[in-house]
Amino acid sequence: GENVEQHPSTLSVQEGDSAVIKCTYSDSASNYFPWYKQELGKRPQLIIDIRSNVGEKKDQRIAVTLNKTAKHFSLHITETQPEDSAVYFCAATLFGGKLIFGQGTELSVKP
Amino acid sequence: EPEVTQTPSHQVTQMGQEVILRCVPISNHLYFYWYRQILGQKVEFLVSFYNNEISEKSEIFDDQFSVERPDGSNFTLKIRSTKLEDSAMYFCARRGTKNEQFFGPGTRLTVL
């Protein structure tokens, strides 16, 4: 079955810097890769996703890249702000199927 | 897109007791998922449910768990005999129009 590895487990940046979180997946059949942001005590909130027919997607300060050959995908946050502080989870799945999550990255943005 | 709601927000129960967690769709969704998240850990898939039938389940989803849609609206997850290790956040998620998954606010289950 699918396995998703996520790095780093914690990430601390200064406000205004960029943050990059990386994930690898094992099942080459996976074709949908969402990213979720989870604030303390709250639900995972979908922030961006990418499908396997696309190499990169951007939405304002966040972007996701996908390398199908290497089975890597990454989340990039530019111009980080304190409100970006949260736990970020990557996930992989075959369209509509169960999400397999990474272990999470706790991002801390220091003002 | 509209989310789902979940009740209760927090459930405290004694070990061995049955609990029922509810997911309430805001509109007529057909495809739902249940996930759990033990404190400080990643989100784990339990079961997916389509058109009143289980479509997929994980190894976690053993005989102690069941899902149903008793009144065609609310979507329930039942744990028959709770164990200490069942303490976790339980999230219901629905599928969106582009196969995304949107999570409900969750139910915190505490087993004493």
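Each chain gets a letter, A, B and so on, in the order the sequences are listed, and its residues count up from 1.
No more than 12 heavy atoms of other residues, nucleotides or ligands shown are found within 6.0 angstrom of CD on A:Glu79. Around NZ of B:Lys83, the count of heavy atoms belonging to other residues, nucleotides or ligands within 6.0 Å exceeds 12. Within 6.0 Å of atom CD in B:Glu53, 12 or fewer heavy atoms from other residues, nucleotides or ligands are found, so the atom counts as exposed in its surroundings. By the 6.0 Å contact criterion, CG on B:Asp62 is enclosed, its count of non-hydrogen atoms from other residues, nucleotides or ligands being greater than 12. The environment of CD in B:Glu59 is sparse: at most 12 heavy-atom neighbours from other residues, nucleotides or ligands sit within 6.0 Å. Surrounding CD of A:Glu106 are at most 12 heavy atoms belonging to other residues, nucleotides or ligands under 6.0 Å away. When the shell of 6.0 Å around CG of B:Leu84 is examined, it contains more than 12 heavy atoms from other residues, nucleotides or ligands.
With a 4.5 Å cut-off on non-hydrogen atoms, A:Lys42 touches chain B through its backbone but not through its side chain. For a residue to count as touching a neighbouring chain, one of its non-hydrogen atoms must lie under 4.5 Å from one of that chain's; by this rule B:Glu56 touches chain A with the side chain only. Residue contact with chain A, scored on non-hydrogen atoms closer than 4.5 Å, involves the side chain of B:Tyr35 exclusively.
If you chain together hydrophobic residues whose side chains sit under 4.5 Å apart, A:Leu94 and B:Tyr31 never meet in one group. Taking hydrophobic clusters as Ile, Leu, Val, Met, Phe, Trp and Tyr residues chained together by side-chain heavy-atom distances below 4.5 Å, B:Ile54 shares a cluster with B:Leu77. Using a 4.5 Å cut-off between side-chain heavy atoms of Ile, Leu, Val, Met, Phe, Trp and Tyr, with links allowed through other members, B:Leu109 and B:Ile20 fall into different hydrophobic clusters. A chain of hydrophobic side-chain contacts below 4.5 Å, direct or via other Ile, Leu, Val, Met, Phe, Trp or Tyr residues, connects B:Tyr90 to B:Met15. When the side chains of ILVMFWY residues are joined at heavy-atom separations under 4.5 Å, either directly or via intervening members, A:Ile100 and A:Val87 end up in two distinct hydrophobic clusters.
Annotation: maximal heavy-atom pairing with chain A below 4.5 Å, among B:Glu44, B:Lys42, B:Gln41, occurs at B:Lys42. Ranked by heavy-atom pairs under 4.5 Å with chain A, the list B:Val47, B:Val43, B:Leu46 is led by B:Val43. Ranked by non-hydrogen atom pairs under 4.5 Å with chain B, the options A:Ala91, A:Gly104, A:Gly102 are led by A:Gly102.
Counting heavy atoms from C-beta outward, B:Gln37 and A:Phe89 have side chains that approach closer than 4.5 Å. Side chains of A:Leu99 and B:Phe103 form a contact here, defined as non-hydrogen atoms less than 4.5 Å apart.
Of all residues in residues 6-41 of chain A, those placing a non-hydrogen atom less than 4.5 angstrom from a non-hydrogen atom of chain B are A:Tyr32, A:Tyr36, A:Gln38. Listed in order of number, the residues of residues 46-75 of chain A that approach chain B to under 4.5 Å between heavy atoms are A:Leu46, A:Asp49, A:Arg51.
Distance CZ/A:Arg43 to CZ/B:Phe91: 8.5 Å, rounded to 0.5 Å. Separation of atoms OH (B:Tyr33) and OG1 (A:Thr93) is listed at 7.0 Å; rounding is to 0.5 Å. Atom NZ of residue A:Lys98 and atom OG of residue B:Ser48 lie 8.5 Å apart, to the nearest 0.5 angstrom.
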